[in-house]
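Below is one structure, written out as structure tokens; comments come after it.
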There are 2 protein chains.
Amino acid sequence: MPRDAAPPRRERLDRDRVLRAAVALADDSGLDAVSMRGLAQHLGVVPMALYKHVADKDELVSGMVDVVLGEIEPPDPALPWKEALRARVLSARRAVLRHPWARRAIEGSTRRTPTVLAHMDAVAGGFRAGGLSPDLTHHVMHALGNRIWGFSPELFEEPAPAEPPSPEQQEAMGREFAQRYPHILEIAVAATRGDLSRVGGGCDEQFEFEFALELLLDGAERLHRAGWASAAR
Amino acid sequence: MPRDAAPPRRERLDRDRVLRAAVALADDSGLDAVSMRGLAQHLGVVPMALYKHVADKDELVSGMVDVVLGEIEPPDPALPWKEALRARVLSARRAVLRHPWARRAIEGSTRRTPTVLAHMDAVAGGFRAGGLSPDLTHHVMHALGNRIWGFSPELFEEPAPAEPPSPEQQEAMGREFAQRYPHILEIAVAATRGDLSRVGGGCDEQFEFEFALELLLDGAERLHRAGWASAAR
DNA sequence: CACGCTAGGTGTACGGTGTACGCCTGTCAA
DNA sequence: TTGACAGGCGTACACCGTACACCTAGCGTG
């Protein structure tokens, strides 16, 4: 009997194959499953083999991020600048939503790869096309922050308690919560349209994202039209 | 001769002492130095001893974050709402700047401690005091994102290359860079007021922070005055 | 006083991580 | 035919978080 019962087919690696395998692995087992060992096993290869294609772990995840960023589709050049920017950013968002781990990977990785720079350059170019000064463009991009990668920080994300405590305990906690953090409660109630049962259930992140994006794009345009210059500095 | 030559004095731990030691250690050796082993050694104690005061590593860093957040000073209640909010957020910022690791710790930790909730509640309360609806308050807080903790994502942060490459190599890279990422270059030039030698040197983060904060607070106020309601939803 | 409970520090061990270093082999150009 | 070299292998190291069992000092109570 043939003895290669182990993992999948194995025909010579290259950097690209490694990265794609890493992405696939992260896609369906989470970023934590992407350890050098785990990935190697997934490829039917010994861990150290990966280092022939990738300098270290950090470069691996940078590469994974590049793959995701590669899925961003450039907006129709005919679009007015604000629409174009919105389109590009929302495309980025769709990409990171397809790969839920990408968010963490982007925040964590320190490397500025060409792909990363290219995206930043494209966004900057979008504002410049609208006539904003380099300075204003710079500040607005800072204000956008991670939103240029298609995500915003998860402020109200709940880790989802393993199992909900007993109803009456929940009741008691709720009462305590209500008097200690009345404003948070108010917000949560408003966010869930009064459906108190799912108060911890998170927000409509897509709405929040677009709300903030619009707020910032409008703010940028307003400052630009008001003739903003970096005099304040 | 007394045989306790080892680390510092050692008089019974308690949770508070552990947390303060962890903060101190992080303050002058970085967050990575705060491993259970490292911290334990620093306290002249065996690693597992810490677990008598802290459930796990995650709770440790949550506790450290609480210590930092505890340094935030509440704004003068006589202040108008926008000034009060600005003051609170800038105080938060001063706190995390005193503890450079706090930024990463906040992003990384998943726990919602009472201290964290209290701060969020205070910020929410600030907007409510200005008359904003719970809904609008909610969205604006999302838009503020991590800025309510006093920091914004480090978009343009350079990892600082171990040693700068040779000048002529730098020149060549510069040329390549200029034609591949013209808009980034533009921005960098503007940000450094034309001093090209320190293009990679980072931005004036404080300015960026306040710029974005102002933009968002103004945007919130404008929406509020325009009678914003959550109809769009 | 003697008791036993308990808070808190100890020791050992396990399974995980990234990765440095040296070896071995198949492919291909000269 | 040869020899360089790309690429996969094996071993080993240092470090991480933490489960589990143990020991001991101090204290409130019978």
Side-chain angles (χ1 to χ4, degrees), chain A residues 2-22 25-26 29-65 101 104-105 107-111 159 162, chain B residues 2-23 25-26 29-65 101 104-105 108-111 159 162:
Chain A
R3 67 180 44 217
D4 54 328
R9 216 65 36 240
R10 188 154 76 59
E11 24 163 332
R12 228 116 189 294
L13 296 177
D14 59 18
R15 183 181 159 92
D16 217 69
R17 213 186 298 277
V18 169
L19 292 184
R20 279 132 73 82
L25 181 54
S29 307
L31 190 53
D32 291 327
V34 184
S35 62
M36 297 310 261
R37 290 172 152 88
L39 177 56
Q41 180 168 15
H42 207 76
L43 284 163
V45 115
V46 89
M48 287 312 289
L50 301 176
Y51 285 87
K52 285 283 156 61
H53 307 281
V54 146
D56 54 24
K57 173 87 186 269
D58 201 65
E59 199 195 281
L60 175 72
V61 336
S62 297
M64 296 170 64
V65 168
W101 47 268
R104 244 179 72 201
E107 281 175 334
S109 126
T110 70
R111 277 182 172 80
Chain B
R3 67 180 45 221
D4 54 327
R9 216 67 34 243
R10 189 155 76 60
E11 27 164 328
R12 228 115 191 295
L13 295 177
D14 60 19
R15 184 182 159 91
D16 216 69
R17 212 185 300 276
V18 168
L19 292 185
R20 279 131 74 83
V23 166
L25 181 54
S29 306
L31 190 54
D32 292 326
V34 183
S35 63
M36 297 310 263
R37 291 173 153 88
L39 178 56
Q41 181 169 13
H42 207 76
L43 284 163
V45 114
V46 89
M48 287 311 291
L50 302 176
Y51 286 88
K52 286 284 156 63
H53 307 280
V54 145
D56 54 24
K57 173 89 185 266
D58 202 66
E59 200 195 280
L60 175 72
V61 337
S62 297
M64 295 170 65
V65 169
W101 48 267
R104 246 179 71 201
S109 127
T110 69
R111 279 184 171 79

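In what follows, chains carry the letters A, B, and so on, assigned in the order in which the sequence lines appear, proteins first and then strands, with residues in each chain numbered from 1.
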Please report the closest heavy-atom contact between [X] and [Y], naming both atoms and the distance.
{"X": "A/Ala105", "Y": "A/Val65", "answer": "CB-CG2, 3.8 Å"}
{"X": "B/Arg15", "Y": "B/Gly63", "answer": "NH2-CA, 4.3 Å"}
{"X": "B/Ser35", "Y": "B/Lys57", "answer": "CA-NZ, 4.3 Å"}
{"X": "B/Asp56", "Y": "B/Glu59", "answer": "OD1-N, 2.9 Å"}
{"X": "A/Leu19", "Y": "A/Met64", "answer": "CD2-N, 4.1 Å"}

field: CZ/A/Arg17: more than 12 non-hydrogen atoms of other groups inside 6.0 Å
entry: yes
Specify the separation, in whole Å, of atom [atom1] of [X] and atom [atom2] of [N].
{"X": "A/Leu43", "N": "D/dG8", "atom1": "CG", "atom2": "P", "answer": "10 Å"}
{"X": "A/Leu39", "N": "C/dG18", "atom1": "CG", "atom2": "C1'", "answer": "13 Å"}
{"X": "B/Leu13", "N": "C/dT10", "atom1": "CG", "atom2": "P", "answer": "9 Å"}
{"X": "B/Leu50", "N": "C/dT10", "atom1": "CG", "atom2": "P", "answer": "10 Å"}
{"X": "B/Gln41", "N": "D/dC15", "atom1": "CD", "atom2": "P", "answer": "10 Å"}
{"X": "A/Asp14", "N": "D/dG7", "atom1": "CG", "atom2": "P", "answer": "9 Å"}

- prompt: When the nearest nucleotide of DNA chain C is assigned to B/Val46 and to A/Tyr51 on a heavy-atom basis, which residue is associated with the more 5' position?
  reply: B/Val46
task: Only counting residues at least two apart or in another chain, list the ones meeting side chain to side chain contact (heavy atoms under 4.5 Å, CB included) with A/Asp32.
output: A/Arg104
message: The criterion is side chain to side chain contact (heavy atoms under 4.5 Å, CB included); which residues satisfy it with B/Leu39, sequence neighbours excluded?
response: B/Val18, B/Ala21, B/Ala22, B/Leu25, B/Leu43, B/Leu50, B/Leu60
query: Taking only residues two or more places apart in sequence, or in another chain, which ones meet B/Arg37 in a salt bridge (charged side-chain N to carboxylate O under 4.0 Å, His left out)?
result: none
message: Quick check on contacts: within residues 58-65 of chain A, what sits under 4.0 Å from DNA chain C by heavy-atom distance?
response: none
field: Side-chain N or O of A/His53 closer than 4.0 Å to phosphate OP1/OP2 of D/dG8
entry: yes
query: Closest to the B/Met48 side chain: D/dC9, C/dG9, D/dC20?
result: D/dC20
field: Candidate pair A/Asp58 and A/Thr110, rule side-chain contact (heavy atoms from CB on, under 4.5 Å), full reasoning
entry: CA-CA 8 Å; A/Asp58 201 65; A/Thr110 70; 3.5 Å; yes
Atom pairs, protein N/O to nucleotides 14-17 of chain C N/O, distance under 3.5 Å:
{"residue": "C/dT17", "atom": "OP1", "partner": "A/Ser35", "partner atom": "OG", "Å": "2.9"}

- request: Take nucleotides 22-27 of chain D nucleotide by nucleotide from the 5' end and write B, S or -, depending on whether a protein heavy atom sits under 4.0 Å from the base, only from the sugar-phosphate, or from neither.
  value: ------
